[in-house]
Amino acid sequence: MDSNKSFNEKCYSLLMQIPRGKVVTYADIAHQLGGKAYQAVGNAMASNPTPIVVPCHRVVNSNGAIGKFALGTAKKIALLKEEGILINEDKDHAKIVNLNKQRHTF
DNA sequence: ATGTTGACATGTA
DNA sequence: GTACATGCCAACA
């Protein structure tokens, strides 16, 4: 049966709950969905029909890394910085600073 | 740190 | 409809 909201819609709902200046990990989202579909979540983001509207750029890896982004990792970093997220720019090793502190809790 | 295994949605054959 | 491959990953050895 097709659920009311597709998997991708659920992910977007959670994403839109994230206030500016906060970030979440794929594991957190997957956990909120009641499973461990980390990559499924990421895939849903990749299929993101409305970027920016859905802050998919506020989602980072569990280890604090930026991960990838449909519009480009650099774009993601730039957006996060613009949003006020502190990122450790080390050459090409961009990582979230104090992830646990900037991590948003649902 | 590296490699392998695990879990889930989507697309293609 | 079943099977295989891929993907903005994570946990474990």
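Proteins get letters first, then strands, A, B, ... in listed order; numbering begins at 1 in each. Small disclaimer: the values here were computed from a predicted structure and weren't measured.
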- Nearest whole angstrom, please: distance from the P of B:dC8 to the NZ of A:Lys10. 13 Å

- Message: Could you work out, with side-chain hydrogen bond (donor to acceptor under 3.5 Å, both in side chains) as the rule, every residue matching A:Lys81, not counting sequence neighbours?
- Response: A:Glu89

- State yes or no: do A:Val59 and A:Leu80 share one hydrophobic cluster built from I, L, V, M, F, W and Y residues joined by side-chain heavy-atom distances below 4.5 Å, directly or via other members? no

- Query: Is A:Leu14 linked to A:Phe7 within one hydrophobic cluster, defined over Ile, Leu, Val, Met, Phe, Trp and Tyr using a side-chain heavy-atom separation of less than 4.5 Å?
  - Reply: yes

- To the nearest Å, how far apart are A:His31 NE2 and B:dG6 C1'? 16 Å

- Check the pair A:His93 / A:Asn88 against side chain to side chain contact (heavy atoms under 4.5 Å, CB included), numbers first and verdict last. CA-CA 8 Å; A:His93 285 249; A:Asn88 182 11; over 6 Å; no

- Task: Starting from P on C:dT6, measure out to CD on A:Gln39 and report it in whole angstrom.
- Result: 12 Å

Show the distances under 3.5 angstrom between N or O atoms of the protein and N or O atoms of nucleotides 10-12 of chain C.
{"unit_1": "C:dA10", "atom_1": "OP1", "unit_2": "A:Ser62", "atom_2": "N", "d": "2.5"}
{"unit_1": "C:dA10", "atom_1": "OP1", "unit_2": "A:Ser62", "atom_2": "OG", "d": "3.1"}
{"unit_1": "C:dA10", "atom_1": "OP2", "unit_2": "A:Ser62", "atom_2": "N", "d": "3.3"}

Protein-nucleotides 9-13 of chain B N/O pairs under 3.5 Å:
none

- Message: Suppose we screen for side-chain contact (heavy atoms from CB on, under 4.5 Å). Which residues come up paired with A:Gln39, at least two apart in sequence or across chains?
- Response: none

Check: residues 46-58 of chain A side-chain donor-acceptor pairs under 3.5 Å, at least two apart:
{"unit_1": "A:Asn48", "atom_1": "OD1", "unit_2": "A:Thr50", "atom_2": "N", "d": "2.9"}
{"unit_1": "A:Arg58", "atom_1": "NE", "unit_2": "A:Glu83", "atom_2": "OE1", "d": "2.9"}
{"unit_1": "A:Arg58", "atom_1": "NH1", "unit_2": "A:Ile18", "atom_2": "O", "d": "2.8"}
{"unit_1": "A:Arg58", "atom_1": "NH2", "unit_2": "A:Glu83", "atom_2": "OE1", "d": "2.4"}

Side-chain donor-acceptor contacts of residues 60-75 of chain A below 3.5 Å, not counting sequence neighbours, with atom names and distances?
{"unit_1": "A:Asn63", "atom_1": "OD1", "unit_2": "A:Ala65", "atom_2": "N", "d": "3.3"}

What donor-acceptor contacts under 3.5 angstrom involve side-chain atoms of residues 30-37 of chain A, with partners at least two apart or in another chain?
none

- Would you mind listing every side-chain hydrogen bond (donor to acceptor under 3.5 Å, both in side chains) that reaches into residues 94-106 of chain A, with sequence neighbours excluded? A:Asp28-A:Arg103

- State which residues pass side-chain hydrogen bond (donor to acceptor under 3.5 Å, both in side chains) with A:Tyr38; sequence neighbours excluded, sorted by chain then number. none

- Message: Give me the stems containing DNA chain B, sorted by first residue, counting only three or more consecutive Watson-Crick or G-U pairs with both distances under 3.5 Å; say none if there aren't any.
- Response: B:2-6 with C:9-13, B:8-13 with C:2-7

